[in-house]
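In what follows, a structure is listed as structure tokens, so that the remarks can point back to it.
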Amino acid sequence: MNQRPVLRRCVSCRQLLNRQQLWRVIRDHQEGVVLDQGMGRSAYLCQNEACLDEAHRRKRLQKALRCQVPNSVMEVLQKRLNQSFDSASEAR
Ligand SMILES: [Zn+2]
């Protein structure tokens, strides 16, 4: 059993973080660019607005994956970001 966290580097801020704290974007061999799960070259991104914005503006994911990243993928990430803000602001 290996309990060490798996560290991955964010394509925007270049920080090494636990993989579970990052979004994974994969250039899947069959599906094209997908999120979370897939087989192929992967890029990782912090789950925050600054890194998402940086990735978008500077095409970090495109460079890391060496292919085009559809806007729909960026929109899904933006939505997830908004949802995490919503749930954080809910009083529990
Ligand atoms: Zn980052």
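The structure displayed is predicted, hence computed values, not measured ones. We count ligands from 1, going down the list as the structure has it; atoms in each ligand are counted the same way.
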Could you tell me whether the side chain of Leu77 reaches within less than 4.5 Å of the side chain of His56, counting heavy atoms only? no
Which residues and atoms, counting only protein N, O or S, are under 2.8 Å from the Zn ion (ligand 1)?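 Near the Zn ion (ligand 1), the protein supplies Cys10 SG, Cys13 SG, Cys46 SG, Cys51 SG.
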Which pairs with one or both residues in residues 50-60 pass salt bridge (charged side-chain N to carboxylate O under 4.0 Å, His left out), sequence neighbours excluded?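 Output for this query lists Asp53-Arg57, Glu54-Arg57, Glu54-Arg58, Glu54-Arg60.
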So does Arg66 get a backbone contact from the side chain of Arg27, meaning a donor-acceptor N/O pair under 3.5 Å?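 Answer holds: yes.
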Donor-acceptor pair, distance only, cut-off 3.5 Å: does the side chain of Asn48 make one with the backbone of Cys51?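 Looks like yes, one N/O pair under 3.5 Å.
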Using atom types as modelled, flag every donor-acceptor pair under 3.5 Å from a side chain in residues 28-36 to any protein atom, sequence neighbours excluded.
residue	atom	partner	partner atom	Å
Asp28	OD1	Gln30	N	2.8
Asp28	OD1	Glu31	N	2.9
Asp28	OD2	Met39	N	2.9
Asp36	OD1	Arg80	NH1	3.2
Asp36	OD2	Arg80	NH2	2.8

In the hydrophobic clustering (ILVMFWY, side-chain contacts below 4.5 Å, transitive), which residues join Val6, or is it alone?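 So far as hydrophobic clustering goes, Val6 is joined with none.
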